[in-house]
Amino acid sequence: SRCALRVAGEPVSGLADQKRLRITGSSLRDVELAVSKIQETLTDLVRTAVLSDESFAMRSGPTAPADLVPRAPRGSGGSVTVAMLLSKEESAWVIGKRGSKISKLREAAKVSVNDAPVPLFPSNTAVLEISGAPLHEEIDVLRMIIADLMIRAEASNVTQILVPTEHFGAVLGEGGAIIQRISQDTGAVLHQHPAERHGSSVYHLRILDVEGEEGQRLAAAAAVYEEVERASGQGGGGTSRQFLPASAPREGQAALEGPSAHSAHSAHSAHS
């Protein structure tokens, strides 16, 4: 069928033993052919008794923690903006043909994509911003974006988020204590980029690389923006726990990454 198939890592909220299968193709005809072949395969598995009719029964299962939080009205509590740096290819993927994908995302929050300022950021990059909703809903939009990007053949295990420079110290913590804790709690590896100069001052956003599995990156990003929310005097607390990976990392598994040869920038020290 020439389609790409990917089974989502997380189970479907509210259903037992069910996962989403994403099918990506260049045309509707290819996708329809892929669906037809999957149905034929499932029919063969039933006929050979590998599966039974009971295998397809919908049974209640655990509800995702994020779905248990009451939804607030649009536009309330959304003064913390979640932002990420994307390549032009990634931003085109997120937007979708004729804006089909980003329109779906905008049902949950305000989502915008704009060219990243050069030379502050690498050329051919874009800044995606999620705002106008409570933090846990903005992070849920981020979850959908990360999951969608993982379908790409060129999918990366690094997500670059943008953190307000004025609150970057709060994310680091004294001696890097907070960012180390986030790394240890989530299993993600965090690599900070130095603040970029913008005229006589520093630019208002800093890049933070978040490396790891899909769930680890999401949980780390949620924890980072929770610290930003707390530092900006808007509360904070509880959001990141909704997105923590099911299994905790082993002791010593996570680390805050410093300067590396493959990075385009060197890292600041934890007290900068």
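Throughout, numbering of the chain's residues begins at 1 and tracks the sequence.
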For this session: Identify, with sequence neighbours excluded, every residue that meets salt bridge (Lys or Arg N to Asp or Glu O under 4.0 Å) alongside E174.
Result: none
If the condition is side chain to side chain contact (heavy atoms under 4.5 Å, CB included), which residues does [X] pass it with, not counting sequence neighbours?
X    : value
E166 : P164
T43  : R47
S87  : E89, E90
N157 : E211

Exercise. If we only count heavy atoms from C-beta on, is the S52 to V46 side-chain gap below 4.5 Å?
Worked result: no
Just jot down the side chain to side chain donor-acceptor pair (under 3.5 Å) partners of [X], sequence neighbours excluded, or say none.
X    : answer
R29  : none
K88  : D115
R197 : none
E129 : none

For this session: Could you note down all residue pairs passing ring-ring contact (aromatic ring centres under 6.0 Å, His included) where residues 94-116 supplies at least one of them, sequence neighbours left out?
Result: none
Please list, one pair per line, the donor and acceptor atoms closer than 3.5 Å that link side chains of residues 120-127 to other protein atoms, with sequence neighbours excluded.
residue: T125; atom: OG1; partner: P122; partner atom: O; Å: 2.6

For this session: Using a strict 4.0 Å threshold on nitrogen-to-oxygen distance, state whether K110 and E137 make a salt bridge.
Result: no
Seminar exercise, completed: Here the side-chain hydrogen bond (donor to acceptor under 3.5 Å, both in side chains) pairs for residues 93-102, sequence neighbours left out, are W93-D148, K101-D148
Problem set entry | Donor-acceptor side-chain pairing of R217 and T159 below 3.5 angstrom | yes
